[in-house]
Number of protein chains: 2
Amino acid sequence: MARKIGRRGGNIVTIHDVARHVGVSPMTVSRVINGEKNVREETRAKVMASVEELRYSPNLAARSLATQDSARIGLLYSNPSVAFLSEFLLGILSESSQSGAQLLIESCEGPEGATVALEKMKAAGCDGVILSPPLSDSSRVAKILKEMNLPFVGVAMARPDPTVSCVTIDDLKAASAMTRRLIELGHTRIGFIKGHPNAYASQIRYEGFEAAMKKAGLEIDQSFVGQGYFTYRSGFDAAERLLSHKTRPTAIFASNDDMAAGAVAAAHRLGLEVPDQVTVVGFDDTAMASSVWPELTTVRQPISDMAGLSVRLLLDQIKAHRSGRSFEAVREVRDFSLIERQSSANVAGPDYAPAKRASDS
Amino acid sequence: MARKIGRRGGNIVTIHDVARHVGVSPMTVSRVINGEKNVREETRAKVMASVEELRYSPNLAARSLATQDSARIGLLYSNPSVAFLSEFLLGILSESSQSGAQLLIESCEGPEGATVALEKMKAAGCDGVILSPPLSDSSRVAKILKEMNLPFVGVAMARPDPTVSCVTIDDLKAASAMTRRLIELGHTRIGFIKGHPNAYASQIRYEGFEAAMKKAGLEIDQSFVGQGYFTYRSGFDAAERLLSHKTRPTAIFASNDDMAAGAVAAAHRLGLEVPDQVTVVGFDDTAMASSVWPELTTVRQPISDMAGLSVRLLLDQIKAHRSGRSFEAVREVRDFSLIERQSSANVAGPDYAPAKRASDS
DNA sequence: CTGAAAGCGCTTACAG
DNA sequence: CTGAAAGCGCTTACAG
C-alpha cells in the first residue's frame, strides 16, 4: 500500500499514489474522481478500484486551493426559533466546510439592521450572502444586495421572485396537505395559529390551510384562528384562547413547531389530553418537534439540506459573477413530507387512528 | 490597493500583496500573521497596518495544505437530547472548518455499537476521535480507542481520568452552586430529577446537589428525588410524581434542560404556576432553555465552545502522534455560569425575588 | 531579525 | 482519450 511520509511525518495517500498504482497520470485520476467524461471506461474502472483499495480520499484543502473557488460567504439571519436556526446553521456549516468556503455570520433586527450587517459583510470581503427566512422574502434586503452588486441566495422563500435564486419548499401545498390530513382524521373544527406577520411564509401557510378547508367544504371559524409570532409563548397564548371557547376546536394547526409545542402545553394546562382530546400539529420538523412529549406530528421541511444546497448555489453564482458570466436565477423547490407522530389522532380518539403514513427517520 | 486576478478571475489579496505593500518578504508577513517572535517590532507594526488596510485575510486552504495539518477526525455521539447535540455539533463543525479538518460523524447505541462505529472510522482513515457525553465517560470506549492506538478527546467528562484529554466543566461545583442559589431564594423543599443512569454526569450532579443541601443543613426527602433519562418525557413524568405529594417541593432541579422543560409542563398540567408556585431549573443552557415559556433558569455549560476546543486539542494530539512525540493528556476545565431566567423565583413568590444576577447573552 | 527556495496535493489550460 | 507543465497561497527548513 503506497504511503507517503509528509514533511510532518503524517502518512497520506495522494492522487500520485493512486496514479502510480494504476499506471496512469495523476491527471487521469483527477478526471475520474471528478466524474469528468473523456476517460475510457476501462481506465475509469481501474482507477476506481485503486481508489477503493488505497482508501484514497482527496485533500479538500489542496482542491480548493487549486480550483480557486474558495469564497467568503455571509449568512444573514433573524429568526425567532432557535431550533430552526440551529438546523439551518448545521446545513450551512457542513456544506461550507466541505466546499472550503469561509463563513461570516451576522444577525439583524429589521431591514435597518440588515443594511448595517450587509455593509459589514461587504467590508469584510464577502463574495456573496445567504439569507435565512424571513429575510429571504424581504424585497428591501434584496434591493440592498442588488445595489451592492453582491450575489445572494434565499432559503425558504415563500414569495416567488424570478430574479432571486432560492431553495424552498411549496409552503402552500404543504399547509394544504397537512390540513387535508387533519380532515381525513375526521376533524372539522380546526384551529390555526398564524406565524409572525413579518414572515411571508406565515401568510402562505394560512392560505394553504384556507384552500384545503374550502375545498373540503369546511368553514373557518375566525375565533379559531389566532395570531402567533413563531415563539413557544405565542403558541401557548394563542392556543389557550382558542381552546377556551365553549365549542372548541378538535385540532390545532400551528405554523411552526415552537408554537405547536406551546399549544400542547396550553392544552395540558387546560386539562386536555393530546391527542385524545385535541390534536396539535406543527410545521418544520425541527428538533423541538421530537424533543417534547407527545412528539409532534408536523410538516417536514428539510431545513439543513436546503441550507446546504443554498451554499452550493451561491458558490456557483459567485464563480459566475467573478468570471463576469451572467447568471440565471434558479428556484429549487424541495419536497416536504408529513411526519406523523403522537400529537395527532383521529377525532374519535387515538384508538381509531388509521395506520401511520410516514415515520420519523 | 493591490489585487491579483486569479486564473478564475477572482480578486484576492494575498500574502504577497501585503509583502509588496510593506516592502518585506512574504516570509516576514507570514511570521507576523502567525504571531511568531523574531520580528522587529517596527516591521510587525507596519505589516499589521498593511494587513488592515488591504483587508488581508489568510487563505485557509493554502495554509492547511502547507502545514500539512489537515486531519480527518471522527465524532462519536449517543445523546438523547437533540438540543444538546446540535449545540455540540455547531462547535465541532465551526472549529473543524476553521482548521481545515475533515469530519466523520457516527452515532452509536451502547458500547457494542461503539466498537463497530470506531472500526468504521479507523477504516475510513480517521486520525482521531471526539467523544460526546456520555461516551466520554465510558472506560470501555476509552479502552477500545487505546487498543486502536487512535488519539481521542472527551467532552464533558464527569469522571476525571488522567490518561485522557478532555474539555469539561466542574459538574459537582455547578450543581452545588445552583442548589445554593435555590436555597438562597428561600427554598428548603427542593426536588431533584436525576439524569440517565448511563451518564456519569448524572451521578456527579446529584452529588453536587446533595453536598449543597447537606452543607445548608437541609434534608433531602427521597420522595422528592426522581429518576429521569434526560428526555422531556422523563422529566414530565418524574415531576408529575414529585408534585403529587401532599407536601410538595417548592423547587425542582432537573439535571438537564429537556427534563426541566418537561417538569414545567407537568407543573402546568397540575395547575401550578411557574415560578409562582414552583420554581423549576435546568442544566446545560441548550436551545431548549430559551425556547420554552417561562424561559428556564439553568446552569450554562458552554457546550459549543467546549466542543470547538476539543477539536483543537485533538488536532494537537494528532500532530504529536504523527511525529512520534509523546503527548501529555490535558484536562481543560471551563467555567460554568448560573443563568437566571423566568422559571425561578423566591419561595415567597416572584415579587420578592432579588435582582437578577446573570442574564442571557 | 529576514529572505530565497522548495513543496504541500490538487486542478486548469494546453498540447497531443 | 491522456499527459507534462505551471500554478493556487501559504509555510517549513535552511541559510544568512
Side-chain angles (χ1 to χ4, degrees), chain A residues 2-20 22-47 51 54 56-72 99-100 102 319 322-323, chain B residues 2-20 22-47 51 54 56-72 99-100 102 319 322-323:
Chain A
R3 289 252 170 201
K4 192 158 183 180
I5 304 299
R7 265 186 312 208
R8 289 278 192 84
N11 42 5
I12 329 102
V13 182
T14 75
I15 203 171
H16 288 92
D17 298 318
V18 177
R20 206 172 313 133
V22 183
V24 295
S25 78
M27 204 45 246
T28 302
V29 177
S30 171
R31 286 198 181 93
V32 172
I33 295 165
N34 293 295
E36 284 171 32
K37 55 242 36 192
N38 284 352
V39 180
R40 229 183 341 153
E41 198 38 61
E42 196 191 327
T43 326
R44 177 182 307 277
K46 278 199 289 190
V47 171
V51 162
L54 302 183
Y56 167 74
S57 132
N59 180 317
L60 264 29
R63 176 179 287 172
S64 76
L65 181 58
T67 53
Q68 287 290 289
D69 62 4
S70 76
R72 195 169 304 170
S99 20
Q102 299 186 40
K319 232 185 269 190
R322 276 182 181 166
S323 59
Chain B
R3 288 252 172 204
K4 190 159 183 182
I5 303 301
R7 266 190 309 210
R8 289 280 192 82
N11 41 7
I12 330 101
V13 182
T14 75
I15 204 172
H16 289 94
D17 299 318
V18 177
R20 207 174 310 135
V22 183
V24 294
S25 78
M27 207 42 248
T28 302
V29 177
S30 170
R31 287 199 180 92
V32 172
I33 295 165
N34 293 296
E36 283 171 32
K37 57 243 35 196
N38 285 351
V39 179
R40 228 186 340 159
E41 197 39 61
E42 196 191 327
T43 326
R44 178 184 306 279
K46 278 199 291 189
V47 171
V51 163
L54 301 183
Y56 167 74
S57 134
N59 180 318
L60 263 28
R63 175 179 288 173
S64 75
L65 182 57
T67 54
Q68 287 291 290
D69 63 4
S70 76
R72 195 170 305 169
S99 22
Q102 299 186 40
K319 232 186 267 187
R322 276 182 183 167
S323 60

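Reminder, nothing fancy here: chain letters follow the sequence lines and each chain counts from 1.
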Y56(B) OH to dC10(D) C1', in whole Å, measures 7 Å
Of the options dT11(C), dC10(D), dG3(D), whose atoms approach the side-chain atoms of A66(A) most closely?
dT11(C)
Applying a 4.0 Å non-hydrogen cut-off, can you work out what P58(B) is touching in the nucleic acid: base, sugar-phosphate, or nothing?
sugar-phosphate
Contacts to DNA chain C from residues 33-46 of chain A, heavy-atom cutoff under 4.0 Å, which residues?
N34(A)
Using distance alone, with no hydrogens and no angle criterion, decide if T43(B) and R31(B) have a side-chain donor and acceptor under 3.5 Å apart.
no
Heavy-atom closest contact (V22(A) atom, V47(A) atom, distance)
CG2-CA, 4.0 Å
Quick one: are V29(A) and V24(A) in side-chain contact, heavy atoms under 4.5 Å?
yes
Stem regions touching DNA chain D, defined by at least 3 consecutive Watson-Crick or wobble G-U pairs below 3.5 angstrom:
C:1-3 with D:14-16, C:5-12 with D:5-12, C:14-16 with D:1-3
State which of dC10(C), dC10(D), dG3(C) makes the closest approach to the side chain of M27(B).
dG3(C)
Figure out the CZ/P separation between R63(A) and dC8(C), and round it to whole Å.
19 Å
Return the OG to CZ distance between S25(B) and R20(B), rounded to the nearest 0.5 Å.
12.5 Å
With a 4.5 Å limit on heavy-atom distance, are the side chains of I15(A) and S30(A) in contact?
yes
When rounded to the nearest 0.5 angstrom, what distance separates OG1 in T67(B) from CG in N34(B)?
9.5 Å
Just compare dC10(D), dT11(D), dG9(C) and give me whichever is closest to any side-chain atom of S30(B).
dT11(D)
Below 4.5 Å, heavy atoms only, C-beta onward: do L65(B) and N59(A) meet side chain to side chain?
yes
Ignoring backbone atoms, establish whether S25(A) has a side-chain N or O less than 4.0 Å from OP1 or OP2 of dT2(D).
no
How many Å lie between CD1 on I15(B) and C1' on dC8(D), as a whole number?
14 Å
Could you give the NZ-to-P distance, from K319(A) to dT11(C), as a whole number of Å?
12 Å
Can you name the nearest heavy-atom pair linking L54(A) to V13(A), along with the distance?
O-CG2, 3.4 Å
On a heavy-atom basis, which atom in Y56(A) and which in T14(A) lie closest, and how many Å separate them?
CE1-C, 3.5 Å
What distance separates R44(A) CZ from I33(A) CD1, expressed to the nearest 0.5 Å?
11.0 Å
Spatial distance of atom CG (L60(B)) from atom OG (S64(A)) [nearest 0.5 Å]
9.0 Å
Measure CG/N59(A) against C1'/dT11(D) and give the value in whole Å, please.
15 Å
What closest approach, in Å, do Q102(B) and P58(A) show between heavy atoms, and which atom pair accounts for it?
NE2-O, 3.7 Å
Protein and nucleotides 14-16 of chain C: nitrogen or oxygen contacts under 3.5 angstrom:
none

Quick one: is T28(A) getting a side-chain N or O under 4.0 Å of the dT2(D) phosphate, OP1 or OP2?
no
What is the distance, to the nearest angstrom, from the CG atom on L65(B) to the C1' atom on dT11(D)?
10 Å
